[in-house]
Undergrad: 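Take a look at the following structure, please.
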Number of protein chains: 2
Amino acid sequence: MGATKTEHFTDRQNQLATLAKALGHPARVAILDYLLKVDVCICSDIVNELPLAQPTISQHLKELKNADLIKGNIEGNSICYCINEKELEVFQTYFTNITDKMKIKKSTCC
Amino acid sequence: MGATKTEHFTDRQNQLATLAKALGHPARVAILDYLLKVDVCICSDIVNELPLAQPTISQHLKELKNADLIKGNIEGNSICYCINEKELEVFQTYFTNITDKMKIKKSTCC
DNA sequence: AAAGTATATTGTAATATTGCAATATTAAAA
DNA sequence: TTTTAATATTGCAATATTACAATATACTTT
């Protein structure tokens, strides 16, 4: 078969996996890094910055947008992409919960 | 044409992407959830807990192990899997850096 | 040693992702 | 209105992932 069996997992597990998956490519990490580094964030800048062709970057931006990790505003001719703080917080919360539990839990084995 | 161009990105970007990718499947999130919930962590328990066949789970465990997010100790007949706190901290650190920068950075656009 | 139990590996089909050339769309500038 | 610039979409080839049946391995118990 080959397709992920999302229906068998909880909404939280699926959402966390979706967010992680969106971060799961170095180009998309690099895009987030770049959006954090610069003040102005136009797509063509990203194309110049990264070693990938324009359609490929457009695709990665689309995936980050689908995961709601970034938002894009049309600015005349070009598009201003920004990080979506809220969704990053959702991810952060999930993730912090896991690491907090980890700290509480005494390593009883391994 | 089809393979990720890892060589063009920084080690940090690649490592962060690798860790995120390992978390990027609901079954693997569920495995981590389970390892956090229970005290004893035997592979067969995971097989009973999740709605996937044994070889599929074995494969997911392998991926988590490759990403160094879990470790496995042989316990006689079975294997005791545990979360690797250290690697999770690496991920946490990367991720916290991003969200911290986010908080500092004033939203100048979007 | 033979049978049973737990986990891993192999092989394979279905599906998804990655990357890009070619092309389309949209808005600004000339 | 033609041209230019910025971004998106389409189509396709290469590769990767997901899932599992069948089988292999390794340890335990009988």
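Chain identifiers are assigned alphabetically (A, B, ...) following the order of the sequence lines, protein sequences preceding nucleic acid strands; residue numbering begins at 1 within each chain.
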Undergrad: Which whole-number value in Å describes the distance from A:Lys21 NZ to C:dT15 P?
TA: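 In whole Å, C:dT15 P and A:Lys21 NZ are 14 Å from each other.
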Undergrad: Please give me the minimum heavy-atom distance between B:Gly72 and B:Tyr81, naming the atom from each residue.
TA: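 What the structure gives for the nearest pair is CA-CD2, 3.6 Å.
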Undergrad: Describe, in one word, how the ring planes of B:Phe9 and A:His25 are oriented to each other, choosing from parallel (under 30°), tilted (30 to 60°) and perpendicular (over 60°).
TA: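 Plane angle over 60°, so perpendicular.
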Undergrad: Would you kindly give the CG-to-C1' distance between A:Asn66 and D:dT9, to the nearest whole Å?
TA: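 So the CG-C1' distance, A:Asn66 to D:dT9, works out to 14 Å.
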Undergrad: Determine, for nucleotides 2-11 of chain C in 5'-to-3' order, which nucleotides have protein heavy atoms under 4.0 Å from the base (write B), from only the sugar-phosphate (write S), or from neither (write -).
TA: ---BSBBB--
Undergrad: When the distance from CD of A:Glu75 to C1' of D:dA5 is rounded to whole Å, what number comes out?
TA: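 The answer, rounded to whole Å, is 16 Å.
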Undergrad: Could you tell me whether the side chain of B:Gln15 and the main chain of B:Arg12 form a donor-acceptor pair under 3.5 Å?
TA: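 No, B:Gln15 side chain to B:Arg12 backbone: no donor-acceptor pair under 3.5 Å.
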Undergrad: Taking atom P of C:dA27 as reference, at what distance in whole Å does atom CG of A:Asn73 sit?
TA: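 Computing the A:Asn73:CG to C:dA27:P distance gives 15 Å.
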Undergrad: Does some side-chain heavy atom of A:Ser58 sit less than 4.5 Å from a side-chain heavy atom of A:Gln54?
TA: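 Result yes, sub-4.5 Å side-chain heavy-atom pair found.
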Undergrad: OP1, OP2 of D:dA19 versus side-chain N and O of B:His60: anything below 4.0 Å?
TA: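 B:His60 to D:dA19 OP1/OP2: side-chain N or O found under 4.0 Å.
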Undergrad: Which part of the nucleic acid, if any, lies within reach of B:Leu52 when heavy atoms closer than 4.0 Å are counted: base, sugar-phosphate only, or nothing?
TA: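 Answer is sugar-phosphate: B:Leu52 comes under 4.0 Å of backbone atoms only.
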Undergrad: Is A:Glu49 salt-bridged to A:Lys37, going by a charged N under 4.0 Å from an acidic O?
TA: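 Yes, A:Glu49 and A:Lys37 are salt-bridged.
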Undergrad: Expressed as a whole number of angstroms, how long is the span from A:Glu7:CD to D:dA19:P?
TA: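 My rounded result for the distance is 10 Å.
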Undergrad: Do A:Thr56 side-chain atoms and A:Leu52 backbone N/O form a donor-acceptor pair below 3.5 Å?
TA: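 Checked: no pair found.
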Undergrad: Go nucleotide by nucleotide along DNA chain C from the 5' end; which of A:Gly76 and B:Thr6 gets its closest nucleotide reached first?
TA: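 Looking at the nearest nucleotide for each, B:Thr6 comes out on the 5' side.
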Undergrad: Just the rounded figure in Å: distance from P of C:dT25 to CD1 of A:Ile74.
TA: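 Whole-Å distance recorded here is 16 Å.
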Undergrad: For a quick test of reading the model: is some side-chain N or O of B:Thr56 closer than 4.0 Å to OP1 or OP2 of D:dC20?
TA: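 So the side-chain polar atoms of B:Thr56 do come within 4.0 Å of the phosphate oxygens OP1 or OP2 of D:dC20, strictly under.
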Undergrad: Nearest whole Å is fine: how far is D:dT7 P from A:Leu50 CG?
TA: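 Checked: the CG to P distance equals 13 Å.
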Undergrad: What I'd like to find out is whether the side chain of A:Leu88 reaches to under 4.5 Å of the side chain of A:Ile83, using heavy atoms alone.
TA: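 Yes - at least one pair of side-chain heavy atoms lies under 4.5 Å apart.
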